[in-house]
Colleague: 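Before anything else, here's the structure in question.
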Amino acid sequence: MMTLACAKETERYSMAEDKVLTPRSEDFSAWYNGVVQRAELAGYSPVRGCMVIRPHGYAIWELMQQALDGMFKATGHQNAYFPLFLPQSFLQKEAEHVEGFAPEIALVTHGGGKELEEPLVIRPTSEAIIWPIMADWIQSYRDLPMLINQWANIVRWEMRTRPFLRTLEFLWQEGHTAHATWDDAQRETLLILGLYRQFMEEYMAMPPVTGIKTEWDKFAGADRTYACEAMMQDNWALQAGTSHNLGQNFARAFDVKYQTEDGEHDYVWSTSWGVSTRLVGGLVMTHSDDTGLVLPPKLAPIQVVIVPIWKSDDEKTRVLEAGARLEKTLNGDLRVRFDDRDTLNPGAKYYEWEGKGVPIRIEIGPKDLEKKQVMAVLRVSEDPKARKTPIPDGEVTARIPALLDEMQAALLESALRRREENSYRGVSDYDEFKSIISGGGGFIHTGYCGAEECETKVKDDTKATVRVIPDEDFASDEVPDKCICGGPAEYEVVWARAY
RNA sequence: CGGGACGUGGCGCAGUCCGGUAGCGCGCCUGAAUGGGGUUCAGGAGGUCGCGGGUUCGAAUCCCGCCGUCCCGACCA
């Protein structure tokens, strides 16, 4: 029974709730949704499972695109654009491919008011439309390697969806390359995996573990799938990028042949690889806190916000002038916003920009003008006392970029530390494994027998799955000779609960 | 597709049991003061109550049907 007093308490509580995010420690999922909303990254749409990427969220994606696109171009790739629709029969040419994607296909059956002779599949990935076309472009070994990338939207009909992490439609880039030898294709696959890792570390400050997927977890139609697995703040893994060596599977299915140096004909060796707007979700879950979004400076659409403070009209004039001048000074090298709105008081602005993840706020008030300084406030800082630092006017142009660099490095550092603190190596006892998973989880390195049924059982018991067979950089010095199922271990794997 | 909840101004909800002038908070607009961490006061705009049918003098409210969304499961970048 609820008394009147209780009802009032509840009411007051929920009003306060409006302004406070659900704490990360209390409900990670609710916290995540809150951060996305508060930062105005995305919103829901009238269509189930689809989302609207709002300007601030899209600006982050654009910064990611710029960095990645530069890396692809620097390694010889060219952008192109292939159609959204592919004939249903094309998808069916590669047996594993069609089987893998069948459950999540969206099909267009009508166009122009008439039923189509052959239904069109909305691309869930573009191999099936790209290879018939690239086949025409490739005649001789002189055309190889052919290195193509496209930025596009794709559709996969998912049952459960979450903003950025899983939606029916999402944005990504997909690279498609053709090579003369298996070795070349393999080199390309690993080159891209390395670029992804570098991007995630240097730009996102989200250090992934890289490795190869098990046979049954590969991309549908690939010989080998490599992945970047990043650890989120709830210790769950996020598959953040994949790179596939497709062997000659698609070349055979789509008859992509070239003439070799000695006049023979052979199928090309191909690769495909992609990262998506899911990275934005990963960024949120890697760094953000109970105040809202935290962005690494390299991917912050606004790196510095200037907030003026005044009382009298005279102060207002002088402070606005100083703010505008500072904006102009910093604007060349940095992405700066001067918040001169006079409809909000400074405190309200602080909350707004912190919620949106702006790395540095510069406050300018009458006291600062007097002392010929500005007050720089960091969005996050290892040392709480160092959060607010006065900077003399003359040092601003040097100090602010330096502070941004320091913050970028500190974010990577703390993400790395968190990953190491929550990684467990040499685990061979299943009870120990289970207690790690139930006690907060993490990345668990174990020996593995190599049987799919073994993973299925562990998944049923604990929800954890094999993420990857770790690359050299992440492999343990010593691996137990026993799998957690008790059987003999064939190789090392990394387990985690995953998104 | 199974289990659960819910559709009422932009957002979050109350009102539905027991039919009788459509309400509250946030946000928004106007004005004044305020301004170094979510400011206050005063005034104001905004809703065919998801859709269709039925019962009734009268339906947000009762009945029937449909549609949609969210949460939990099986599937997944």
Side-chain angles (χ1 to χ4, degrees), chain A residues 7-8 10-21 27 29-30 33 37-38 43-50 100-105 124-125 153-162 164-174 196 213 217-220 225 227-230 237-244 272-282 291-292 307-313 315-316 319-320 340-355 361-371 373-375 377 387-388 390 459-460 463 465 498-499:
Chain A
K8 277 191 172 161
T10 309
E11 204 171 290
R12 196 180 312 139
Y13 181 71
S14 68
M15 276 167 66
E17 281 294 89
D18 276 0
K19 302 204 163 182
V20 179
L21 291 175
D27 182 344
S29 177
N33 290 330
Q37 270 197 10
R38 169 171 293 187
Y44 291 100
S45 85
V47 181
R48 180 197 80 88
C50 293
F101 281 105
E104 37 189 5
I105 286 304
T125 177
N153 59 337
I154 58 177
V155 168
R156 297 182 185 178
W157 213 263
E158 303 289 352
M159 293 290 113
R160 298 270 288 105
T161 60
R162 295 187 65 190
F164 291 109
L165 302 176
R166 177 161 293 109
T167 46
L168 296 197
E169 180 194 9
F170 58 94
L171 306 182
W172 77 344
Q173 63 61 220
E174 47 181 322
Y196 285 162
K213 289 283 185 183
D217 199 21
K218 291 184 310 193
F219 174 74
T225 287
C228 295
E229 298 279 338
L238 182 76
Q239 182 173 308
T242 48
S243 185
H244 318 288
S272 72
W273 28 274
V275 294
S276 71
T277 39
R278 175 178 249 203
L279 289 178
V280 178
T291 308
V307 177
I309 298 150
W310 68 81
K311 280 188 186 155
S312 66
D313 280 351
E315 283 170 356
K316 180 177 175 182
V319 156
L320 286 179
D340 59 357
R341 291 175 295 177
D342 65 358
T343 48
L344 294 175
N345 69 13
K349 293 178 183 177
Y350 300 166
Y351 278 95
E352 181 173 332
W353 295 116
E354 283 173 2
R361 171 176 76 241
I362 297 181
E363 304 172 5
I364 304 185
K367 292 177 202 164
D368 300 306
L369 292 185
E370 222 170 272
K371 296 184 200 164
Q373 65 169 33
V374 299
M375 188 63 78
V377 185
R387 241 195 107 209
K388 281 193 172 195
K459 186 180 179 183
D460 290 345
K463 284 188 181 167
T465 52
Y499 281 95

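We name chains A, B, ... by the order of the sequence lines, and we start the count at 1 in each one. The basis for the numbers below is simple: all heavy atoms, side chains too, and nothing from hydrogens, waters or symmetry mates.
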Colleague: Using heavy-atom distances to pick each residue's nearest nucleotide on RNA chain B, tell me which of Lys388(A) and Trp172(A) is more 5'.
Modeller: Lys388(A)
Colleague: Can you tell me how far P in C64(B) sits from the matching atom in G27(B), rounded to whole Å?
Modeller: 41 Å
Colleague: Roughly how far apart, to the nearest Å, are C62(B) and G68(B) at atom C1'?
Modeller: 23 Å
Colleague: Just name whichever nucleotide pairs with G2(B), Watson-Crick or G-U, keeping both distances under 3.5 Å, else none.
Modeller: C72(B)
Colleague: Going by purine N1 to pyrimidine N3 plus the second Watson-Crick contact, or the G-U wobble pair, all under 3.5 Å, which nucleotide sits opposite C26(B)?
Modeller: G10(B)
Colleague: Counting Watson-Crick and G-U wobble pairs only, both distances under 3.5 Å, name the nucleotide matched with C51(B), or none.
Modeller: G65(B)
Colleague: Base, sugar-phosphate, or nothing: which does Leu344(A) touch, judged by heavy atoms less than 4.0 Å apart?
Modeller: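 Here Leu344(A) touches the bases of the nucleic acid.
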Colleague: Expressed in whole Å, how much space separates the C1' atoms belonging to G50(B) and C70(B)?
Modeller: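 Each nucleotide's C1' atom is 15 Å from the other's.
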Colleague: In terms of heavy-atom contacts, does CH2 of Trp157(A) have more than 12 from other residues, nucleotides or ligands at under 6.0 Å?
Modeller: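 No, because the 6.0 Å sphere around CH2 of Trp157(A) holds 12 heavy atoms or fewer from other groups.
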Colleague: For the C1' atoms, the ones on G46(B) and on G52(B), what distance do you get once it is rounded to whole angstrom?
Modeller: 27 Å
Colleague: With a 3.5 Å limit on both atom pairs, tell me what G20(B) is paired to, counting Watson-Crick and G-U wobble, or say none.
Modeller: C57(B)
Colleague: Between the protein and nucleotides 71-73 of chain B, list the N/O to N/O atom pairs that are separated by less than 3.5 angstrom.
Modeller:
unit_1: C72(B); atom_1: OP2; unit_2: Arg160(A); atom_2: NH1; d: 3.3
unit_1: C72(B); atom_1: OP2; unit_2: Arg160(A); atom_2: NH2; d: 2.0

Colleague: Taking side chain to side chain donor-acceptor pair (under 3.5 Å) as the test, write out the residues that go with Gln173(A), two or more places apart.
Modeller: Asn149(A), Tyr196(A)
Colleague: How long is the straight-line distance from CD of Glu169(A) back to CG of Leu171(A), given to the nearest 0.5 Å?
Modeller: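 Leu171(A) atom CG to Glu169(A) atom CD measures 6.5 Å (nearest 0.5 Å).
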Colleague: Any N or O donor-acceptor pair linking the side chain of Asp368(A) to the base of G36(B) at under 3.5 Å?
Modeller: yes
Colleague: Of the nucleotides A77(B), G38(B), G37(B), which one has an atom closest to the side chain of Ser276(A)?
Modeller: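 My answer, after comparing the listed nucleotides, is A77(B).
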Colleague: Taking atom P in both G2(B) and C66(B), what distance in whole Å separates the two?
Modeller: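 Result for the P pair: 14 Å, nearest Å.
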Colleague: Using a strict cut-off of less than 4.0 Å between a Lys/Arg side-chain nitrogen and an Asp/Glu carboxylate oxygen, indicate whether Glu158(A) and Arg160(A) qualify as a salt bridge.
Modeller: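 Not counted as a salt bridge, because no side-chain N and carboxylate O are separated by less than 4.0 Å.
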Colleague: Rounded to whole Å, how long is the line connecting atom CD of Gln37(A) with atom C1' of C26(B)?
Modeller: 14 Å
Colleague: What nucleic acid atoms does Pro346(A) come within less than 4.0 Å of, heavy atoms only: base, sugar-phosphate, or nothing?
Modeller: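 Result for Pro346(A) = sugar-phosphate.
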Colleague: Scan every strand shown for a Watson-Crick or G-U wobble partner of G31(B), both distances under 3.5 Å, and answer none if you come up empty.
Modeller: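 G31(B) is paired with C41(B).
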Colleague: Could you pick out which residue, Ser312(A) or Gln239(A), lies toward the 5' side of RNA chain B when each is mapped onto its nearest nucleotide?
Modeller: Ser312(A)
Colleague: Between A77(B), G35(B), G38(B), which nucleotide has the shortest distance from any of its atoms to the side chain of Arg278(A)?
Modeller: A77(B)
Colleague: NA contact type, Phe170(A), heavy-atom cut-off 4.0 Å: base, sugar-phosphate, or nothing?
Modeller: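 Base contact - Phe170(A) has a heavy atom under 4.0 Å of at least one base atom.
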Colleague: Looking at Glu352(A) and G38(B), is any side-chain donor or acceptor paired with a base atom of the opposite kind under 3.5 Å?
Modeller: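 It does not, because no donor-acceptor pair links the side chain of Glu352(A) to the base of G38(B) below 3.5 Å.
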Colleague: The side chain of Ala348(A) lies closest to which of these nucleotides: U39(B), A77(B), G37(B)?
Modeller: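 Selected nucleotide (nearest to the side chain): U39(B).
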Colleague: Apply side chain to side chain contact (heavy atoms under 4.5 Å, CB included) to Lys349(A) and list each qualifying residue two or more places apart in sequence or on a separate chain.
Modeller: Val307(A), Pro308(A), Asp339(A), Arg341(A), Leu344(A), Trp353(A)
Colleague: What is the distance from CD of Glu315(A) to C1' of U34(B), rounded to the nearest Å?
Modeller: 13 Å
Colleague: Using a 4.0 Å heavy-atom cut-off, does Thr167(A) contact any base of the nucleic acid, only the sugar-phosphate backbone, or nothing at all?
Modeller: base
Colleague: Do Arg361(A) and Tyr350(A) form a cation-pi contact, if we require the NZ or CZ to be under 6.0 Å from the six-membered ring centre and within 45 degrees of the ring's axis?
Modeller: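 Judged by the rule, Arg361(A) and Tyr350(A) form a cation-pi pair.
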Colleague: Which part of the nucleic acid, if any, lies within contact of Lys349(A), taking any heavy atom under 4.0 Å across all strands shown: a base, the sugar-phosphate backbone alone, or nothing?
Modeller: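 The answer is nothing, as Lys349(A) stays clear of every strand by at least 4.0 Å.
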Colleague: Please state the C1' separation for the pair C51(B) and C41(B) - nearest whole angstrom.
Modeller: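 Comparing C1' positions in C51(B) and C41(B) gives a spacing of 43 Å.
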Colleague: Any carboxylate oxygen within less than 4.0 angstrom of a Lys/Arg side-chain nitrogen, looking at Glu229(A) and Lys213(A)?
Modeller: yes
Colleague: Round to the nearest Å and state the distance from Gln173(A) atom CD to A77(B) atom P.
Modeller: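 My rounded result for the distance is 16 Å.
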Colleague: Base, sugar-phosphate, or nothing: which does Glu363(A) touch, judged by heavy atoms less than 4.0 Å apart?
Modeller: base
Colleague: In whole Å, measure the gap between the C1' atoms of G4(B) and G43(B) for me.
Modeller: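 That atom pair is separated by 45 Å.
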Colleague: Between G47(B) and A22(B), how far is it from one P atom to the other, in whole Å?
Modeller: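 Pairwise P distance, G47(B) against A22(B), rounds to 14 Å.
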Colleague: How close or far is atom C1' of G38(B) from atom CG of Leu21(A), stated in whole angstroms?
Modeller: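 So the two atoms are 13 Å apart, to the nearest Å.
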Colleague: With a sphere of 6.0 Å drawn around CG of Asp313(A), does it hold more than 12 non-hydrogen atoms of other residues, nucleotides or ligands?
Modeller: no
Colleague: Taking CD1 from Ile309(A) and C1' from U34(B), how many angstroms apart are they, rounded to a whole number?
Modeller: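 These atoms are roughly 14 Å apart.
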Colleague: Kindly give the heavy-atom pair with the smallest separation between Leu320(A) and Asp340(A), and that separation in Å.
Modeller: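 Looks like CD2-CB, 3.8 Å.
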Colleague: With a non-hydrogen cut-off below 4.0 angstrom, is Leu165(A) in contact with a base, only sugar-phosphate, or nothing?
Modeller: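 Base: the residue Leu165(A), judged by heavy atoms under 4.0 Å, touches a nucleobase.
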